[in-house]
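We count ligands from 1, going down the list as the structure has it; atoms in each ligand are counted the same way. Because the structure is a prediction, the values reported are computed rather than measured. Heads up: numbering here begins at 1 and tracks the sequence.
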Amino acid sequence: MRSIVFVLFLFTKSVFSHVALRSGRWCFGGCETVVNYANFNDTGSDSKKVRLCEGILRATSLYLCIDEYCEENGRDAWLQDTNETCHQRVNASLPPHSIIDKYGPEERAEIKRLSAEEAFTWPTLSEIVIPDVKIFERAFRTLDAAYFEYDIHRIYGYAMLYFWAIVISIGIGSRLISTMQSLRQDEWQRASIDLEDSNHMPTSHSICSRAKASLKRFITVPATFNNRCSQPIGWCTIPTRVQSLTIFAFVALNVILCSISYRLTDGNLYWPTYREQLLRYVSDRTGIISLINFLLIWIFGMRNNTLMWLTGWGIGTYNNFHRWVARVSTVQAVVHSIGYTIMVCESGEWSNFRKYLTKHYFWNGELATVFMCALLAFSVYGIRRSHYEIFLTLHIVFSVIVLLTMYYHVWIFGFWEWNSFVYSCLAVWIFDRVLRGFRILAFNVRFWNTKATATYDTDSHLVSLRVPCDNSWLRPQPGTYFYIYVLNDLLYMHQNHPFTLAYVSTDIERPDLQLPLSPLSERPSTHRADSSDSSESDALLQSATSSSNKPSLVFLIRPYDGFTSRLAKRAATCRTSLRVLIEGPYGHTVPLRTFQNILFMVGGTGIAVPLSHFSSLLSESSSVASLRIVWAVREHAFLASVLRVFRGLFEDECVELEVHVTQDVENKDDVPADRMKGVKLIPGRPDVHNVVEEVASEAGYERLAVVACGPARMADETRKACVDMLGRGFGGVEYFEECFKW
Ligand SMILES: Cc1cc2nc3c(=O)[nH]c(=O)nc-3n(C[C@H](O)[C@H](O)[C@H](O)COP(=O)(O)OP(=O)(O)OC[C@H]3O[C@@H](n4cnc5c(N)ncnc54)[C@H](O)[C@@H]3O)c2cc1C
Ligand SMILES: *[C@@H]1O[C@H](CO)[C@@H](O)[C@H](O)[C@H]1NC(C)=O
Ligand SMILES: *[C@@H]1O[C@H](CO)[C@@H](O)[C@H](O)[C@H]1NC(C)=O
Ligand SMILES: *[C@@H]1O[C@H](CO)[C@@H](O)[C@H](O)[C@H]1NC(C)=O
């Protein structure tokens with residue numbers, strides 16, 4: 001029964017295809033393809049191109065074929081196009097369509113039919129022919145499939161852009177919603193706080209807020225698995241769960257779109273077997289998607305990433321996206337290159353490959369793939385970590401090479417067809433560099449003339465850099481970071497590293513903040529002369545008394561091996577001013593002011609983050625009621641100098657500072673902590689989980705911001721503790737990470 005239906009189906013189908021006229025350009029193209037198998041010898045011209053345009057026999061055969069198999073719709077336009085091409089290429093015209101008017105139905109029936117067998121011998125003919133229906137069908141399907149693939153490759157390529165457009169829209173949307181909610185909640189809470197004073201248990205008010213808490217607990221806050229997010233696992237770093245899910249969806253989308261919609265046809269005239277068709281289509285698909293992914297790689301990799309401003313996602317998030325899009329794109333490029341190499345090798349022997357290697361587009365394509373792989377290889381975490389400058393230089397050089405070779409690779413398609421993506425990447429890059437320039441100029445129009453003072457303190461092993469910012473157009477915001485170049489060293493002038501603004505020196509002196517003590521005026525001027533041993537560490541935070549009236553940005557910098565160690569040496573040997581170039585500010589301010597409770601979990605120089613937020617958080621308009629800082633620091637000297645400068649702040653009644661000094665004990669006596677109300681000195685490492693638990697319990701149902709800025713391990717522990725608290729029903733907990741990593 002089934003076979004009868006099948007036969008019936010085949011029968012109706014073949015009858016149908018005999019009768020039905022094909023429509024569209026693939027029908028005309030199909031006729032052209034078949035007619036071009038024959039070589040008509042009626043024109044004297046040697047040039048094949050001229051013969052293809054002028055030949056009367058060819059034109060007649062072509063027009064008869066079109067009349068027989070194709071709908072008339074669109075025919076004239078197609079002929080006109082082809083005619084136009086003939087005019088442009090060889091200054092010849094197609095004979096007019098009217099040349100077949102003289103053929104009536106009987107004459108047509110007598111015209112020789114061109115079969116596939118004959119066509120494949122590339123015959124020379126001296127008479128008109130009409131392709132028989134079989135070969136015409138084959139030609140039509142070949143073109144139809146080939147162009148379908150070409151279109152679908154492009155559509156699937158654009159799907160990558162749409163995917164990220166959706167991700168970014170979700171980011172912008174959720175940012176808007178949470179901003180609005182925090183404003184509303186604020187009012188609501190202010191109104192209800194008196195009524196519900198006794199109720200300090202965490203309560204979930206509605207399904208909506210419960211859903212939000214679950215979302216935070218299971219999706220947005222936790223690490224992907226294993227509670228490791230900032231700490232690397234081997235040579236890998238694993239992003240947070242929500243990022244991993246996004247990345248996974250992106251990779252899956254790429255795998256799927258590279259594996260579906262292959263229209264394989266029997267009797268394909270270009271690529272006879274399914275294998276050849278698949279090889280060709282897969283190679284093209286991966287090549288095209290790879291190129292379109294380029295644009296995303298460049299957008300996500302830029303320092304001046306507009307999306308960062310829109311979504312509020314940090315540099316780390318986009319770096320993860322940048323890496324994963326690049327990996328996917330590279331794998332696609334490799335598949336593309338291998339596919340084409342196989343095709344070339346199979347179409348002839350080894351010599352064929354050598355011949356192709358002399359073609360510009362071919363060897364440039366192969367080179368582009370090789371350099372993309374090299375880019376990946378030199379970007380592994382280990383190299384990035386231990387040889388940052390080498391990584392950066394190679395990254396830039398290789399990227400230039402990749403763009404350039406890509407440009408020549410797709411040049412054969414014309415100026416714009418695919419090169420538009422290469423130009424777009426270039427445009428993104430230029431945009432970034434121009435904005436960097438603007439930021440430098442905005443900080444100081446006479447950018448070469450910013451003179452900073454660097455002080456190195458051996459006890460705390462810390463450099464403090466004080467940069468006058470009175471020329472800056474942009475008011476520095478808390479939590480932002482700046483890239484710093486040191487111009488004194490010609491050799492290393494190009495190197496620039498990010499540092500978070502610790503504080504603006506006038507902030508702590510501004511009278512409108514109503515802080516009880518201002519460090520510079522309060523300290524007795526004799527102090528410095530008296531105790532010469534502590535002047536070193538004091539100077540760390542309060543150098544350059546002469547310029548103290550001018551506002552200055554202060555950075556606290558921990559020296560490592562490269563840039564920072566040179567800075568430390570320079571600061572240690574000569575106290576003279578440094579010529580620096582400041583590019584910034586970058587990053588956005590986390591909206592901490594809208595929270596009632598804030599906990600900072602910081603380690604070492606991470607203290608810069610809470611310090612920079614201080615003046616904004618303690619101002620009248622913020623809703624912060626309790627602010628707790630848990631700070632793990634190795635050196636007493638560091639602690640001592642911070643306390644000296646910020647003494648006033650720590651005496652504010654809603655501020656609590658819990659310090660864990662984990663290493664040296666030498667300068668213990670320097671620390672005036674016991675004399676300060678809000679400061680507690682606790683030996684040993686902080687127990688992150690306990691602290692978060694305590695603070696969350698105190699906060700109850702109020703909103704609590706937990707900000708981690710410290711060593712990777714600490715950040716991960718804090719993250720985990722927040723997830724646990726969310727699990728226990730403290731839905732108001734919000735986790736932020738301001739890690740010094742990328
Ligand atoms: C947004 C942000 C803010 C930062 N704020 C501060 C701060 O306030 N105080 C502070 O002491 N440090 C801060 N850092 C870290 C600081 O940028 C690096 O310690 C510094 O770049 C190391 O330079 P180096 O040549 O001495 O490093 P190396 O000795 O070569 O390497 C030390 C470590 O720093 C990493 N690193 C090197 N260059 C960079 C770079 N350009 N960007 C990021 N990491 C890098 C390396 O991978 C390595 O892990 C911040 C980093 C970021 C991303
Ligand atoms: C094109 O061909 C015509 C004759 O066929 C001739 O008159 C004309 O000059 C040619 N034009 C060019 C640009 O060669
Ligand atoms: C092509 O153009 C020439 C002159 O421009 C014209 O005579 C001829 O009819 C055209 N052929 C077709 C098929 O339109
Ligand atoms: C074309 O080829 C046929 C034989 O195939 C020959 O008889 C004829 O003379 C040729 N015409 C020209 C113009 O070369």
Side-chain angles (χ1 to χ4, degrees), residues 28 32 53-56 58-60 62-63 66 75-88 90-100 230-232 237 303 308 314-319 379-393 395 454 456 460-465 478-486 489 492 494-503 553-570 583-588 602-612 638 709-712 737-742:
F28 314 130
E32 192 181 22
C53 286
E54 279 180 348
I56 301 285
R58 175 187 178 275
T60 314
L62 177 64
Y63 298 163
I66 289 174
R75 185 193 66 196
D76 293 337
W78 184 80
L79 284 179
Q80 228 167 24
D81 273 359
T82 318
N83 206 0
E84 195 65 30
T85 315
C86 280
H87 287 155
Q88 281 168 5
V90 287
N91 190 25
S93 350
L94 276 183
H97 187 259
S98 55
I99 54 172
I100 60 163
S230 294
Q231 307 165 83
T237 48
R303 195 176 278 182
M308 216 132 74
I315 188 170
T317 310
Y318 282 101
N319 264 323
S379 306
V380 294
Y381 180 72
I383 293 182
R384 227 160 57 213
R385 207 195 139 80
S386 54
H387 304 283
Y388 179 78
E389 295 301 335
I390 295 177
F391 153 76
L392 187 67
T393 314
H395 213 69
Y456 174 65
S460 56
H461 188 43
L462 206 69
V463 177
S464 95
L465 190 73
T480 52
Y481 53 93
F482 294 73
Y483 288 84
I484 299 180
Y485 304 65
V486 174
D489 232 335
Y492 298 111
H494 63 280
Q495 288 194 6
N496 56 101
H497 289 250
F499 297 97
T500 307
L501 170 66
Y503 61 95
L553 307 182
V554 180
F555 299 96
L556 301 179
I557 299 171
R558 167 77 64 194
Y560 290 99
D561 288 335
F563 176 86
T564 46
S565 80
R566 280 194 302 277
L567 191 65
K569 264 186 218 127
R570 206 169 261 284
E583 181 192 325
Y586 280 98
H588 62 283
V602 298
T605 46
I607 192 71
V609 174
L611 291 184
S612 78
F638 187 8
C709 23
E737 198 172 285
E738 302 245 331
C739 263
F740 293 168
K741 60 162 194 182
W742 26 234

Looking only at distances, can you tell me whether any N or O atom of [X], backbone or side chain, sits closer than 3.5 Å to an N or O atom of ligand 1?
| X | value |
| --- | --- |
| F563 | yes |
| S386 | no |
| Y481 | no |
| T564 | yes |
| I315 | no |
| R558 | yes |
| G562 | yes |

Would you mind running through ligand 1 and noting each atom that sits below 4.0 Å from a heavy atom of [X]?
| X | result |
| --- | --- |
| R384 | 47 (O) |
| I557 | 11 (O) |
| T500 | 3 (C), 4 (C), 5 (N), 6 (C), 7 (C), 8 (O) |

Out of curiosity, [X] [atom1] to [Y] [atom2], how far, rounded to the nearest 0.5 Å?
| X | Y | atom1 | atom2 | value |
| --- | --- | --- | --- | --- |
| I484 | F499 | CD1 | CZ | 5.5 Å |
| E54 | L94 | CD | CG | 9.5 Å |
| I66 | E32 | CD1 | CD | 8.0 Å |

Whether P95 lies under 4.0 Å from ligand 3, heavy atom: yes

Whether W78 lies under 4.0 Å from ligand 3, heavy atom: no

Is any side-chain heavy atom of [Y] closer than 4.5 Å to one of [X]?
| X | Y | result |
| --- | --- | --- |
| F482 | P585 | yes |
| T564 | V463 | no |
| F28 | L79 | no |

Tell me which one of [options] gets a heavy atom nearest to [atom].
| atom | options | answer |
| --- | --- | --- |
| atom 32 (C) of ligand 1 | F391, Y483, Y560, Y586 | Y560 |
| atom 23 (O) of ligand 1 | R385, R566, H497, E389 | H497 |
| atom 12 (C) of ligand 3 | N83, I99, D76 | N83 |
| atom 12 (N) of ligand 1 | F499, F555, Y381 | F499 |

Under-4.0 Å heavy-atom contact with ligand 1, by part of T605 that carries it: side chain

Side chain, backbone, both or neither: Q495 near ligand 1, heavy atoms under 4.0 Å: neither

Distance from atom 9 (O) of ligand 3 to nearest protein heavy atom, with residue and atom: P96 CB, 3.5 Å

For atom 5 (O) of ligand 3, closest protein heavy-atom neighbour: H87 CE1, 3.3 Å

Partner residues of T82 under the side chain to side chain donor-acceptor pair (under 3.5 Å) criterion, sequence neighbours left out: none

Pair R303-M308, side-chain contact (heavy atoms from CB on, under 4.5 Å): steps then yes or no: CA-CA 9 Å; R303 195 176 278 182; M308 216 132 74; over 6 Å; no

Any protein heavy atom < 4.0 Å from atom 7 (O) of ligand 3: no

Option passing side-chain contact (heavy atoms from CB on, under 4.5 Å) with F391 (candidates H395, E389, H387): H395

Main-chain N/O of [Y] paired with [X] side-chain donor or acceptor, under 3.5 Å:
| X | Y | answer |
| --- | --- | --- |
| S565 | P559 | no |
| R558 | H461 | yes |
| N319 | I315 | yes |

Geometric class of the Y586/Y481 ring pair [parallel <30°, tilted 30-60°, perpendicular >60°]: parallel

Parallel, tilted or perpendicular: rings of H97 and Y63 (30°, 60°): tilted

Per-atom contacts, ligand 3 versus Y63 - under 4.0 Å to a heavy atom: 13 (C)

Sub-3.5 Å N/O-N/O distance, L79 and ligand 3: no

